Chemist: 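Following this message is one structure expressed as C-alpha cells.
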Number of protein chains: 2
Amino acid sequence: MLNYSTSEENYIKAVYHLQLTDDSVTTNEVAGYLKTKPASVTDMMKKLKAKKLLNYERYRGFRLTAEGTKVALGIIRRHRLWEYFLAEKLRFNWDEVHEVAEELEHITNKKLVDKLDEFLGYPRTDPHGDPIPDANGKIEVTRKICLTELPVNKTATVNSVSDQSSKILELLEHKKISIGTRLEIKKRFEFDKSLEIRIGRQPAFTISSQLAENIFVTHE
Amino acid sequence: MLNYSTSEENYIKAVYHLQLTDDSVTTNEVAGYLKTKPASVTDMMKKLKAKKLLNYERYRGFRLTAEGTKVALGIIRRHRLWEYFLAEKLRFNWDEVHEVAEELEHITNKKLVDKLDEFLGYPRTDPHGDPIPDANGKIEVTRKICLTELPVNKTATVNSVSDQSSKILELLEHKKISIGTRLEIKKRFEFDKSLEIRIGRQPAFTISSQLAENIFVTHE
DNA sequence: AATTATTTTTAGTTTTGTCTAAATTTATTT
DNA sequence: AAATAAATTTAGACAAAACTAAAAATAATT
Ligand SMILES: [Mn+2]
Ligand SMILES: [Mn+2]
Ligand SMILES: [Mn+2]
Ligand SMILES: [Mn+2]
C-alpha cells in the first residue's frame, strides 16, 4: 500500500463520507465539506484519478475505486481509534476528540495503529458510536434509523449522533442520553414533532424534533 | 505562543540538539543532522531569524534565542512523552519509538500533551534515559559522564545511551544493561580501551570501547 | 429553444520547502 | 601573502497545495 499526503488523505476521506449518502459526489460538495474552493477540488480529483483511487470524468462527479475505499477505511480506522483513545484514556470530552484525531489519523505507521488497537482492547465503535474498521479494513454495517422514524413503544438503543458539537453534548448529558442508552418513544406530538421518550423505568420526558433528528438508534 | 510548521520544528529541534555540544551551530552540521542540503538550511535559518527564534549573521553560525529554546523544549517534551507512551503502553522496542515520535511530536494541541503527560504519570525520562521537559518547559540537567570517563571502582547508574539503533539494543540486552542499571568499572585495558565491568554481585565481564563510548552514567 | 443561472474546469499566481549549480566568503596550505 | 580548499550563500528551478478570475459545460427557467 502506497503512502498518501495529509491533503490527499483528507480528500479521500471526504469523498468516502459524502458517497455514503450520495451515489456520485460533486466538486461543490467536497469543497463545502473541506472548506476549500472548487478549483482546488478539481486539481486534487485529477491527481487521485491518476493514482486510480477514484473514478472521475470531468463534469461527472466522483466515486472511490476499491483501492480508494481501502485507503479511506484505513484513515477512518486511525481516526476512530484515536478518538477512542482520547475519550477513554485521556478523558477528553466527546466534542473535543474529533479535532485532534483529524491530525493523528495521518500517521500511518502500521505497528502504531495495530498496537494502539490492541492496547485499547479492540474497541468496536468510537465515542460517537461509529464503527471502527478492523486491521483488514472490514467495517460493521449497522442498520441504524433516525429516532424520528422509530415506532412508538419499540425499545431501541442509541447508536450514534450526527451532530458532534458541545451544544448537543450539553443537552444530551442533561437528558442523560448517551451512546448505548436504551429508550422507547411513548408518544409523538404532531404539532412540533416533539417526542415523549422513556429510558428504562424512569419517568418519561420530552425532546425536541431538532434533537431527535440527530439521534440514530438500532432496534431488534 | 505561535504555531510553527513541521519543517520549521524539525530545524529548531536540530539546532537545539547541536548547540548542546557546540556553542555555535553551522550550516553543514544542520544539513548533516537533518539529511538535507546546506542551501535548504540557509533558507530556513533566514526564516527562523526573521521570526526571532534564532540569532544568525551570515557565515557566522546560529544559536537559538530564549524564545527559540522555549519552542524547542516544547517539541522535545512532546517527542519524549510519545516515546514513553510507545515503549510503556504499546510495548514498542526501544529502537522503534524514535521514528514514530518524530511524527507525533508535531501535534501541538496543548490539552493532548498535558493529558498524555498526566495519563503516563508524569514520567521524568524517556526510554533512552533523556529527561522530559515539564509543561513549563523546565528540563532537568543531569551531570552525566561517558562511561569511558568513570573512575575504577566507583558505582554509577546508566543514564542514557547516545546510539539508539537496534544493533546497540541487541548488544545491551545481551549484556543485561539498561537505563537504571547500577554498575562499576573493575579494570580498563589500555590496549583496546575495553572495560571490565560488574553489575551488582554478578561476575564481571568485558565491554568494548565502542560500546562504552555510547553509554552515559551518573554517579555520587 | 433560447436565455439565464449554476457548476465545474482551466489558466495563471502564490506560498512553502526543497534542490542544483554558481558565486561568494572564510579557512587552510603552501 | 598568494593560492587552494572548504563552507556558505545566492540565484534560479521545481513540486505540492492552495487561491482568484475567467472560460466552458451543464442545468434550470422562461
Ligand atoms: Mn485529517
Ligand atoms: Mn467519530
Ligand atoms: Mn519531527
Ligand atoms: Mn529519546
Side-chain angles (χ1 to χ4, degrees), chain A residues 2-15 18-19 21-64 68 71-72 75 102-103 105-108, chain B residues 2-15 18-19 21-64 68 71-72 75 102-103 105-108:
Chain A
L2 292 170
N3 250 31
Y4 301 100
S5 72
T6 293
S7 204
E8 288 171 327
E9 288 192 341
N10 285 336
Y11 279 97
I12 292 163
K13 194 166 59 120
V15 174
L18 290 168
Q19 75 180 23
T21 46
D22 226 332
D23 66 271
S24 178
V25 182
T26 70
T27 304
N28 271 358
E29 280 169 0
V30 175
Y33 190 86
L34 292 178
K35 293 176 177 51
T36 176
K37 303 291 157 173
S40 307
V41 176
T42 300
D43 285 346
M44 184 58 86
M45 294 303 111
K46 282 182 189 169
K47 209 167 110 183
L48 297 180
K49 176 195 165 87
K51 294 188 179 189
K52 300 188 194 305
L53 297 175
L54 48 76
N55 296 118
Y56 161 49
E57 297 303 327
R58 61 194 210 299
Y59 295 103
R60 285 282 115 80
F62 349 101
R63 269 194 86 76
L64 294 177
V71 174
I75 304 162
E102 203 54 52
E103 303 193 46
E105 69 186 357
H106 302 293
I107 299 177
T108 56
Chain B
L2 292 169
N3 251 31
Y4 301 100
S5 72
T6 293
S7 204
E8 288 171 326
E9 288 192 341
N10 285 335
Y11 279 96
I12 293 164
K13 192 165 62 120
V15 174
L18 291 168
Q19 75 179 24
T21 47
D22 226 332
D23 65 89
S24 178
V25 181
T26 70
T27 304
N28 271 358
E29 281 169 0
V30 175
Y33 190 86
L34 292 178
K35 292 176 177 53
T36 174
K37 303 291 158 177
S40 308
V41 176
T42 300
D43 285 347
M44 185 58 88
M45 292 305 110
K46 282 183 189 168
K47 209 168 110 180
L48 296 180
K49 177 196 164 87
K51 294 188 178 188
K52 299 188 196 302
L53 296 176
L54 49 76
N55 296 118
Y56 162 50
E57 295 305 324
R58 65 194 209 297
Y59 296 103
R60 286 281 114 81
F62 350 101
R63 269 194 86 74
L64 294 177
V71 174
I75 304 163
E102 203 55 53
E103 302 193 47
E105 69 186 357
H106 302 293
I107 299 176
T108 56

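Here the structure is a predicted model, which is why all the values come from computation and not from measurement. Within every chain, numbering begins at 1; the chains are lettered A, B, ... in the order of the sequence lines, protein sequences first and strands thereafter.
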Chemist: Measure from CD on B:E29 to P on D:dT9 and round the result to the nearest Å.
Modeler: 13 Å
Chemist: Nearest 0.5 angstrom please: B:Y4 OH to B:I12 CD1, how far?
Modeler: 6.5 Å
Chemist: Can you name the residues that form a side-chain hydrogen bond (donor to acceptor under 3.5 Å, both in side chains) with B:K51, not counting sequence neighbours?
Modeler: B:E8
Chemist: If the condition is side-chain hydrogen bond (donor to acceptor under 3.5 Å, both in side chains), which residues does B:E103 pass it with, not counting sequence neighbours?
Modeler: none
Chemist: Expressed as a whole number of angstroms, how long is the span from A:L48:CG to D:dA16:C1'?
Modeler: 13 Å
Chemist: Nearest whole Å is fine: how far is D:dA16 C1' from A:K51 NZ?
Modeler: 10 Å
Chemist: I want to check one thing: is the phosphate of D:dT9, taken as OP1 and OP2, less than 4.0 Å away from some side-chain N or O of B:K46?
Modeler: no
Chemist: Less than 4.5 Å apart, any side-chain heavy atom of B:E105 and any of B:N10?
Modeler: yes
Chemist: Just the rounded figure in Å: distance from P of D:dA16 to CE of A:M45.
Modeler: 16 Å
Chemist: Please set out all donor-acceptor pairs under 3.5 angstrom arising from side-chain atoms of residues 55-64 of chain B, sequence neighbours excluded.
Modeler:
residue : atom : partner : partner atom : Å
B:E57   : OE2  : B:K49   : NZ           : 3.4
B:R63   : NH1  : B:D23   : O            : 2.4

Chemist: What nucleotide among C:dT8, C:dT10, D:dA18 has an atom nearest to a side-chain atom of A:T26?
Modeler: C:dT8
Chemist: Can you tell me if the side-chain N/O atoms of A:Y11 get under 4.0 Å from OP1 or OP2 in D:dA18?
Modeler: yes
Chemist: Look at the side-chain N and O atoms of A:N28 and state whether any lies under 4.0 Å from the OP1 or OP2 oxygen of C:dT8.
Modeler: yes
Chemist: Drop me the distance from B:I75's CD1 to B:K13's NZ, to the nearest 0.5 angstrom.
Modeler: 7.5 Å
Chemist: Quick one: is C:dT18 close enough that its OP1 or OP2 comes under 4.0 Å of any side-chain N or O from B:S7?
Modeler: yes
Chemist: May I ask you to list the residues of residues 35-44 of chain A, by number, that have any heavy atom positioned under 4.0 Å from an atom of DNA chain D?
Modeler: A:T36, A:K37, A:A39, A:S40, A:D43
Chemist: Can you give the donor-acceptor pairs under 3.5 Å from side chains of residues 27-45 of chain B to other protein atoms, not counting sequence neighbours?
Modeler:
residue : atom : partner : partner atom : Å
B:E29   : OE1  : B:T26   : N            : 3.1
B:T42   : OG1  : B:P38   : O            : 3.3

Chemist: Using a 4.0 Å heavy-atom cut-off, does B:F62 contact any base of the nucleic acid, only the sugar-phosphate backbone, or nothing at all?
Modeler: nothing
Chemist: If the sugar-phosphate is the primed atoms plus P, OP1 and OP2 and the base is the rest, what is the B/S/- string for nucleotides 23-28 of chain C, using protein heavy atoms under 4.0 Å?
Modeler: -BSS--
